[in-house]
Amino acid sequence: MLSRIAARVVPFFGRLTVTADPEARLAPGSILVVNHTSLADPALVLAALRRRLAVEPVLMATSGLWRVPVLGRVLTREGHVPVHRGTDRAAAALDRAAVALASGRHVMLYAEGRIPPRRDSAENPPEAFRTGLARLALTTGAQVVPIGQAGARRITSGGRAKQLAGVLTAPVRRPGLHVHIGAPLTLPANVAEATALAHGAVTEAWRTAAGALGEPAALEGVCGRPVEAPRARRRRG
């Protein structure tokens with residue numbers, strides 16, 4: 001239901017386009033890891049996945065969403081996983097995600113663990129990843145599919161007033177939105193190496209998505225020179 005709602009609502013707020021690597025595929029029980037930039041980006045990615053691959057994943061998200069009227073009931077009913085960050089209940093989220101993966105469902109998560117505190121609407125590379133993604137992948141043996149999204153900050157970013165203004169004006173502005181789905185990865189056994197590999201792959205997917213929108217951060221480095229994103233090791237077969 002949540003993915004279906006996103007697929008219907010997102011086109012009202014912007015022009016969504018979706019691309020994928022030639023090797024992009026989702027084996028049953030895959031982990032989908034996405035860069036996190038805005039309150040709007042989960043909807044973008046859910047809509048893109050349903051449009052491109054007919055996939056409706058389990059979402060790992062901050063537990064605060066479960067306190068939102070109606071939304072909280074939908075999240076519970078569909079088996080999405082609340083993450084109680086900074087508490088002794090945080091680890092339980094990985095256990096619940098592992099159960100979902102074992103049943104063949106896809107699990108979508110944000111390894112950065114937060115939305116960047118910046119107030120501007122520009123794109124920037126993903127922040128450092130936490131280790132939960134790597135630990136979940138190593139425990140379950142699941143493939144990891146990197147996904148990059150860009151444009152969500154054009155809908156909502158910054159402080160509360162700016163976020164509200166962005167949502168209200170987006171249907172008129174109809175900003176460009178882009179999601180890119182990468183090829184699946186096999187993560188190494190070392191957690192630090194696995195985290196770095198996944199971060200590089202998501203950064204590469206983000207650069208493709210942001211580049212499709214002409215975002216300067218994706219097209220040039222800090223010194224104004226073009227940047228080539230690192231190539232991640234792909235799973236074949």
Taking a hydrophobic cluster as the set of Ile, Leu, Val, Met, Phe, Trp and Tyr residues connected by side-chain heavy atoms closer than 4.5 Å, whether directly or through intermediates, do [X] and [Y] fall within one such cluster?
X    : Y    : answer
L101 : L138 : no
W206 : L185 : no
V34  : I181 : yes
V45  : L26  : yes
L59  : L53  : yes

Can any side-chain N or O of [X] pair as donor or acceptor with the backbone N or O of [Y] at less than 3.5 Å?
X    : Y    : value
S103 : A100 : yes
Q149 : V179 : no
H180 : A205 : no
S38  : S157 : no
N190 : A192 : yes
R51  : V18  : no
E123 : P216 : no
T156 : A152 : no
E112 : E127 : yes

How long is the straight-line distance from [atom2] of [Y] back to [atom1] of [X], given to the nearest 0.5 Å?
X    : Y    : atom1 : atom2 : result
T37  : N124 : OG1   : CG    : 10.0 Å
L177 : L44  : CG    : CG    : 4.5 Å
L32  : L109 : CG    : CG    : 8.0 Å
I147 : T208 : CD1   : OG1   : 13.0 Å
I155 : L168 : CD1   : CG    : 12.5 Å
R135 : L94  : CZ    : CG    : 5.5 Å

For the student: nearest non-hydrogen atoms of [X] and [Y], plus distance:
X    : Y    : answer
L213 : G176 : CD1-O, 3.5 Å
V107 : A97  : CG2-O, 3.8 Å
A24  : A20  : CB-CB, 3.9 Å
V202 : P126 : CG1-CG, 4.2 Å
K162 : S121 : NZ-N, 4.0 Å
R153 : I115 : NH1-CG2, 4.4 Å

If you count every heavy atom of other residues, nucleotides or ligands that lies below 6.0 Å from R174 atom CZ, does the total exceed 12?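 Counting other residues, nucleotides and ligands, CZ of R174 exceeds 12 neighbours.
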Partner set under side-chain hydrogen bond (donor to acceptor under 3.5 Å, both in side chains) for [X], not counting sequence neighbours:
X    : result
R118 : D120
R173 : T169
R154 : E215
H178 : T17, T19

Side chains of [X] and [Y]: closer than 4.5 Å at any heavy-atom pair?
X   : Y    : value
S3  : L49  : no
L39 : V167 : no
P57 : L46  : yes

Output every pair passing ring pair (Phe, Tyr, Trp, His ring centres under 6.0 Å) with a member in residues 120-176, not counting sequence neighbours, ordered by first then second residue.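 Non-adjacent pairs meeting ring pair (Phe, Tyr, Trp, His ring centres under 6.0 Å): F129-H199.
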Checking L197 against V144 for the side chain to side chain contact (heavy atoms under 4.5 Å, CB included) test, could you report, in this order, the C-alpha distance in whole Å, the side-chain angles of both residues, the deciding distance, and whether it holds? CA-CA 10 Å; L197 178 62; V144 173; over 6 Å; no
With Y110 via ring-ring contact (aromatic ring centres under 6.0 Å, His included) - residues at least two apart: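 Testing Y110 for ring-ring contact (aromatic ring centres under 6.0 Å, His included), a comparison that skips the adjacent residues, returns H36.
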